[in-house]
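Worksheet: the structure to be examined is printed underneath.
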Amino acid sequence: MRNVLVVEREPSTAETMVHDLRRQGYAARSVDSGARALRMYRDADLVLLSLELPDVDGLEVCRSLRTESDVPLIAFTRRDDELERVLALKAGADDCVAKSWGHREIGARIEAVLRRTRPRPAAPESISLRPLHIDPRTRQVRLRGRLVDVTSKEFELLYTLAASPETVVSRKELMARVWGSNWAHTSRTIDTHVSSLRAKLGSSGWIITVRGVGYRMGHAWQVPEVSAG
């Protein structure tokens, strides 16, 4: 649940905004001054900031928040004034709108700002357990330089195990990660895919069964490669 901090001087307006946000599934609370906003924004995933505050100029609050943090910030004003919106954006707001919005619009604007400001997940890294190489970008598995033809689920299963080669991964966790299922009573699905992978890799030593628990990578990858000649 996303936490939204509403900064609005008028109690009735703030109460309405908080109520609307909670109806849309946000955890929302309000403060009535710029000083309080600067003290309490750290727990927020997004700040809704009125530019008309009783103690500090709203544009100054924008600048202070942006100097101290990269928290997503939407400023709003009661006047439909282009210059004020431009100044708010230059002061660090991610968006600025007139306070004539409806609750659906503000929800959509919040989601749009969160999408833009949400950090992108790091790209998965290639795994090399010589002589086995797994590349998540190309979805390719190579063993001693030879391309191994694996299915999508076989790739996910092998990648999950190889990402922590010394760790036993439970059957339940494999079902959740690879098949997106929390089904506690796993069928023969995992066993079938493991058996297929072992056949394609040419050895049962690549994937070890830990009875009653799950699977882990075997020690085939720790055996030194013997060079020809």
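Every value quoted in this text rests on a predicted model; they were computed, and no experiment measured them. Residues: numbered from 1 along the sequence shown.
In this structure, the side chain of Asp135 does not engage the main chain of Ser126 through any donor-acceptor pair within 3.5 Å. A donor-acceptor contact shorter than 3.5 Å is absent between the side chain of Thr209 and the backbone of Arg211. Using modelled atom types, no side-chain atom of Ser69 and backbone atom of Leu65 make a donor-acceptor pair closer than 3.5 Å. Using modelled atom types, no side-chain atom of Lys153 and backbone atom of Trp179 make a donor-acceptor pair closer than 3.5 Å. Judged by distance alone, with hydrogens and angles left aside, the side-chain atoms of Ser195 form no donor-acceptor pair with the main-chain N or O of Asp191 at under 3.5 Å. Within the 3.5 Å criterion, the main-chain N or O of Gly34 finds a donor-acceptor partner in the side chain of Asp55.
No continuous path of hydrophobic side-chain contacts links Leu48 to Leu53 [ILVMFWY only; heavy atoms under 4.5 Å]. Hydrophobic clustering, with ILVMFWY side chains joined whenever heavy atoms are under 4.5 angstrom apart, groups Met40 together with Val7. Under the 4.5 Å side-chain heavy-atom criterion for grouping Ile, Leu, Val, Met, Phe, Trp and Tyr, Leu59 is not connected to Tyr41 through any hydrophobic cluster. Both Leu143 and Leu197 are part of a single hydrophobic cluster, where members link through side-chain heavy atoms under 4.5 Å apart. Linking Ile, Leu, Val, Met, Phe, Trp and Tyr whenever their side-chain heavy atoms come within less than 4.5 Å puts Ile127 and Met217 in one cluster.
Shown are Arg109, Arg115, Arg66; of these, the salt bridge (Lys or Arg N to Asp or Glu O under 4.0 Å) with Asp94 is made only by Arg66. Among Ile74, Leu73, Ile110, Ile106, the single residue meeting the side chain to side chain contact (heavy atoms under 4.5 Å, CB included) criterion with Asp95 is Ile74.
Taking 4.5 Å as the limit, some side-chain heavy atom of Glu156 sits within range of a side-chain heavy atom of Arg139. Side-chain contact between Arg29 and Asp43 is present, with heavy atoms from C-beta onward closer than 4.5 Å. Asp32 is not listed as a side-chain neighbour of Pro54, based on a closest heavy-atom distance of 4.5 Å or more. Using a 4.5 Å heavy-atom threshold, the side chains of Leu51 and Cys62 count as touching. Within the 4.5 Å cutoff, no side-chain heavy atoms of Arg2 are placed close to those of Leu21. Between Tyr159 and Val178 there is no side-chain heavy-atom pair separated by less than 4.5 Å. For the pair Arg85 and Val97, the minimum side-chain heavy-atom distance is 4.5 Å or more. Taking the side chain as every heavy atom from C-beta outward, Leu49 and Val61 approach each other to under 4.5 Å.
Atom CZ of residue Arg198 and atom NE2 of residue His193 lie 14.0 Å apart, to the nearest 0.5 angstrom. Atom CG of Leu157 is separated from atom OG of Ser152 by 11.0 Å, given to the nearest 0.5 angstrom. Rounding to the nearest 0.5 Å places CZ of Arg39 at 6.0 Å from OG of Ser33. We find the CD-CG distance between Glu154 and Asp149 to be 8.0 Å, quoted to the nearest 0.5 Å. Leu87 contributes atom CG, which lies 7.5 Å from atom CD of Glu84 (distance to the nearest 0.5 angstrom). Interatomic distance, CG of Leu132 versus CZ of Arg144, reported as 9.5 Å (0.5 Å rounding).
Summarising the geometry of Pro72 relative to Leu114, their closest heavy-atom pair is CG-CD2, 4.1 Å, with the distance given to 0.1 Å. The heavy-atom pair separating Trp206 from Pro131 by the smallest distance is CH2-CD, 3.8 Å. Nearest heavy-atom pair across Leu174 and Leu161 is CD2-CD2, 4.2 Å. Residues Arg9 and Glu52 share a closest heavy-atom pair of CD-O, 3.4 Å.
Ion pairing between a basic and an acidic side chain is recognised when a charged N comes within 4.0 Å of a carboxylate O; Glu111 and Arg104 show no such pairing.
A donor-acceptor pair shorter than 3.5 Å cannot be found between the side chains of Thr13 and Glu8.
Residue pairs meeting the ring pair (Phe, Tyr, Trp, His ring centres under 6.0 Å) criterion with at least one member in residues 62-99, sequence neighbours excluded: Phe76-Trp101.
Counting non-hydrogen atoms of neighbouring residues, nucleotides and ligands closer than 6.0 angstrom, the CD atom of Glu15 reaches no more than 12 such neighbours.
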